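Bear in mind the structure is a predicted one, so any value in this text is a computation, not a measurement. Sequential numbering from 1 along the given sequence is applied to the chain's residues. Values below: all heavy atoms of this structure, side chains included; hydrogens, waters and symmetry mates excluded.
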Amino acid sequence: MFSKIIVHRVGNKINGESLTLSQEELQLDEGMAELLEDYFLGAFKTEETYQFYSDSYLVNNPIYSSVSEIFDDKAKFLWESENIAKHLFEAAENPRVQGGELFVVFFEDDREGDEKVDKIGIFKTEKRESFLKIFPQNETFELEKDQGIGLSKIDKAALIYNNHKESGYILSVVDNNKNGDMYYWFEDFLKVKQRDDEYFHTQEALMVYKDYITKQLPQEFEVSKADQADFLNKSINFFKEKEEFKMDEFASEVLGDEHVIESFVNFKTDYEQDMQINIAEEFPINEAAVKKTQRHFKSIIKLDKNFHIYIHGDRKMLEQGQDEKGKFYMLYFDKEV
């Protein structure tokens, strides 16, 4: 349960809206506190984590600096929450960004697995939903329309864990209402980047491989769409079946041909340079990252506008040919399901 909570109103300065700062923390009854905690923490449904960064020194990142002050001395909560709100107000450089309420929340000694750790939550509500109020009037009922904050999904959220301070803390971050501005919450306000952990390495290894198979491989080698689908299926199966990724093992079992392996290694090197990242040669495979990234691995052969072939398994059960009627695929199967 959180021990401190305050709310400020942060408008969009580009649209002439104002910033309204609270001078006192909210005092909530237990039922309201539980409702808000479920609302806030229910936003985080992925293991993907981030860290603060700065183009110079970490202390020059305003949000990193503010949360550090609160973690060091919770008596500074009110003052630093105002600084966080002011920074969010200044971060709005796009007229599409919606104003809303900014909640700053302090979770003291919150349990995380077997350990307790302090956390700071920064949450912003933007969308308004219509709802009906029904109340008795004489011998009937009357309806009144109103607007408020829906509790199904928060618009923007960040949860900062009080550990790994020296490298920018560990954060979970969500933006469910980008409003045409992808950078406002992650970059302009928080200034965070994805952490270099097993989730990151699993995700990036799969994506660089997908890009290679779909873009680079057909340029260098004669491969059919069925061959490409087979490569994608084998790679996903590798990540599902293994607990640890080893580049040599992956290359041998999935890529096979030494020329293809060499081509992929070169492509991966160029990818890392272009994206300014480093994908480890060995790392524990993160199951959640595999599950999330799998949606991009669609092994589909599209034939004109008539047919789509979804390939899930053995490449040998699919043959390609051509006769007097045109090109064709021949599918072998044991039984219809």
Side-chain angles (χ1 to χ4, degrees), residues 1-12 15 17-50 63 67 70 77-78 81-82 84-85 87-89 91-92 96-112 117-136 141-161 170-182 184-186 189-190 192 288 292:
M1 183 68 67
F2 54 79
S3 61
K4 290 178 173 293
I5 180 171
I6 194 167
V7 60
H8 305 291
R9 172 71 190 182
V10 182
N12 185 321
N15 296 331
E17 299 171 357
S18 62
L19 170 67
T20 306
L21 300 174
S22 297
Q23 299 304 308
E24 295 181 1
E25 298 175 28
L26 292 175
Q27 304 299 321
L28 307 174
D29 61 42
E30 185 176 346
M32 179 61 75
E34 289 181 355
L35 182 67
L36 284 178
E37 182 166 356
D38 291 341
Y39 173 53
F40 293 146
L41 299 184
F44 306 104
K45 302 182 184 299
T46 176
E47 295 181 22
E48 190 171 9
T49 57
Y50 296 81
I63 305 304
V67 299
I70 297 173
F77 176 79
L78 176 59
S81 76
E82 292 181 356
I84 291 171
H87 179 60
L88 181 63
F89 183 69
R96 290 186 177 184
V97 172
Q98 292 175 267
E101 290 75 31
L102 178 73
F103 293 84
V104 182
V105 186
F106 185 67
F107 300 85
E108 190 170 8
D109 288 334
D110 202 37
R111 182 164 293 281
E112 187 67 23
V117 60
D118 291 345
K119 304 173 190 173
I120 294 172
I122 304 174
F123 309 95
K124 187 185 178 198
T125 60
E126 296 173 334
K127 294 180 180 178
R128 292 293 181 273
E129 296 181 4
S130 298
F131 61 89
L132 292 177
K133 293 191 291 187
I134 305 174
F135 51 91
F141 291 89
E142 290 198 4
L143 303 180
E144 183 177 308
K145 179 183 175 183
D146 208 339
Q147 284 197 324
I149 300 169
L151 297 179
S152 59
K153 184 169 65 174
I154 199 161
D155 295 307
K156 290 174 169 58
L159 189 64
I160 303 101
Y161 298 77
I170 296 177
L171 294 84
S172 297
V173 185
V174 172
D175 186 353
N176 291 316
N177 187 30
K178 294 184 174 61
N179 291 317
D181 192 334
M182 297 176 59
Y184 167 66
W185 187 251
F186 279 82
F189 172 56
L190 294 169
V192 292
K292 181 178 179 180

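Rounded to the nearest 0.5 angstrom, W185 CH2 and N177 CG are separated by 11.5 Å. Here CD1 of I70 is found 4.0 Å from CD1 of I120. Values are rounded to the nearest 0.5 Å. Rounding to the nearest 0.5 Å places CZ of F40 at 9.5 Å from CG of L35. Here the straight-line distance linking atom OG of S152 with atom CG of N176 works out to 9.5 Å at 0.5 Å rounding. Annotation: the span from L78 atom CG to Q23 atom CD amounts to 6.5 Å, rounded to 0.5 Å. Here the CD1-CZ distance, from I84 to F189, works out to 6.5 Å after rounding to the nearest 0.5 Å.
The two residues G100 and R9 come nearest to each other via the heavy atoms CA-NH1, 3.3 Å. A157 and F44 get closest at one heavy-atom pair: CB-CZ, 3.7 Å. Contact record, A85 with L19: O-CD1, 4.0 Å, taken as the closest heavy-atom pair. Scanning both residues, S130 and K145, for their nearest heavy atoms gives OG-CE, 3.6 Å. Scanning all heavy atoms of the two residues, the minimum distance from A43 to V174 falls at O-CG2, 3.5 Å. Nearest approach of K153 to Y39, heavy atoms of both residues: C-CE1, 4.1 Å.
Contact annotation: the side chain of I122 approaches that of I160 to within less than 4.5 Å [non-hydrogen atoms, C-beta and beyond]. The shortest distance between side-chain heavy atoms of M1 and E108 does not fall below 4.5 Å. The closest side-chain heavy-atom distance from L102 to V7 is not below 4.5 Å. Within the 4.5 Å cutoff, no side-chain heavy atoms of F103 are placed close to those of I154. Using a 4.5 Å cut-off on side-chain heavy atoms (C-beta onward), F107 and L159 make contact.
With respect to the salt-bridge test (charged N to carboxylate O, under 4.0 angstrom), the residues K292 and E48 qualify.
If you check the side chains of T20 and H8, you find no donor sitting under 3.5 Å from an acceptor. Between Q98 and N12, the side chains place no donor N or O within less than 3.5 Å of an acceptor N or O (distance only, hydrogens not considered).
No donor-acceptor pair under 3.5 Å is formed between the side chain of T49 and the backbone N or O of S172. Here the side chain of D29 pairs a donor or acceptor atom with the backbone of G31 at under 3.5 angstrom.
The number of heavy-atom neighbours closer than 6.0 Å to CD of Q147, taken from other residues, nucleotides and ligands shown, is above 12. The neighbour count for M182 CE, taken as heavy atoms of other residues, nucleotides or ligands under 6.0 Å away, does not exceed 12.
Sorted by first and then second residue, the salt bridge (Lys or Arg N to Asp or Glu O under 4.0 Å) pairs involving residues 124-133 (not counting sequence neighbours) are E101-R128, K124-E126, E126-K156, K133-E144, K133-D146.
In this structure, the ring of F106 has its center no less than 6.0 angstrom from the ring center of F2. Checked against the 6.0 Å centroid threshold, F186 and Y50 count as a close aromatic pair.
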Determine, step by step, whether V104 and F77 satisfy the side-chain contact (heavy atoms from CB on, under 4.5 Å) criterion, reporting the C-alpha distance in whole Å, the side-chain angles of both residues, the deciding distance to 0.1 Å, and the verdict.
-> CA-CA 9 Å; V104 182; F77 176 79; 3.8 Å; yes
